[in-house]
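Notes follow once the structure below has been shown.
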Amino acid sequence: MTKAELINSVAEQAGLKKVDAEKAVTAFVASVTAALKSGDKLSLVGFGTFSTAKRAARKGQNPQTGKKIDIPAATVPKFKPGKTLKEAVNVKAAVKPAKKK
């Protein structure tokens with residue numbers, strides 16, 4: 001799903017104009033970004049948790065040249081899905097396919 005498709009879906013489900021849905025989606029992304037940038041964690045119960053993690057500096061290898069390189073330490077965003085989201089995505093098939101003999 002692209003951002004445009006997400007905006008269309010939000011507009012349809014919330015009964016909003018596309019312009020208002022775009023503002024809402026943009027504001028949500030900006031709010032999550034600002035929270036993570038300031039070191040906060042954002043939890044949406046049932047949906048998941050946005051957080052950051054420190055990644056240590058390490059040695060790497062350029063796959064094109066094979067040359068060894070130093071990869072600097074970094075802070076990276078993380079997302080941990082909540083129980084409700086996991087269950088919604090992992091729906092078991094209502095009818096199991098018949099086994100082949």
Start with the C-alpha gap between T2 and E5, add the side-chain angles, then the distance that decides, and say whether side-chain contact (heavy atoms from CB on, under 4.5 Å) holds.
CA-CA 5 Å; T2 65; E5 292 168 338; 3.3 Å; yes

At their closest point, which heavy atom of [X] faces which heavy atom of [Y], and how far apart are they?
X	Y	value
L44	F50	CD1-CE1, 4.3 Å
I7	A21	O-CB, 3.6 Å
A35	S38	O-OG, 3.0 Å
T84	G46	CB-O, 3.2 Å

Would you find more than 12 non-hydrogen atoms of other residues, nucleotides or ligands less than 6.0 Å from K37 atom NZ?
no

I'd like to know whether CD of E12 has more than 12 heavy-atom contacts from other residues, nucleotides or ligands below 6.0 angstrom.
no

Please report the interatomic distance [atom1]([X]) to [atom2]([Y]), rounded to the nearest 0.5 Å.
X	Y	atom1	atom2	value
K41	K78	NZ	NZ	10.5 Å
N90	L85	CG	CG	10.5 Å
L36	F79	CG	CZ	11.5 Å
N62	K67	CG	NZ	8.5 Å

Set out, in order, the CA-CA distance, both residues' side-chain angles and the distance that settles side-chain contact (heavy atoms from CB on, under 4.5 Å) for K59 and I71, then state yes or no.
CA-CA 6 Å; K59 297 279 185 192; I71 301 170; over 6 Å; no

With the 4.5 Å side-chain cut-off for hydrophobic clustering, are V45 and L42 part of the same group?
no

For the side chain of S31 and the backbone of A27, is there at least one donor-acceptor N/O pair under 3.5 Å apart?
yes

Among K18, Q13, M1, which residue meets the side-chain contact (heavy atoms from CB on, under 4.5 Å) test with N8?
K18

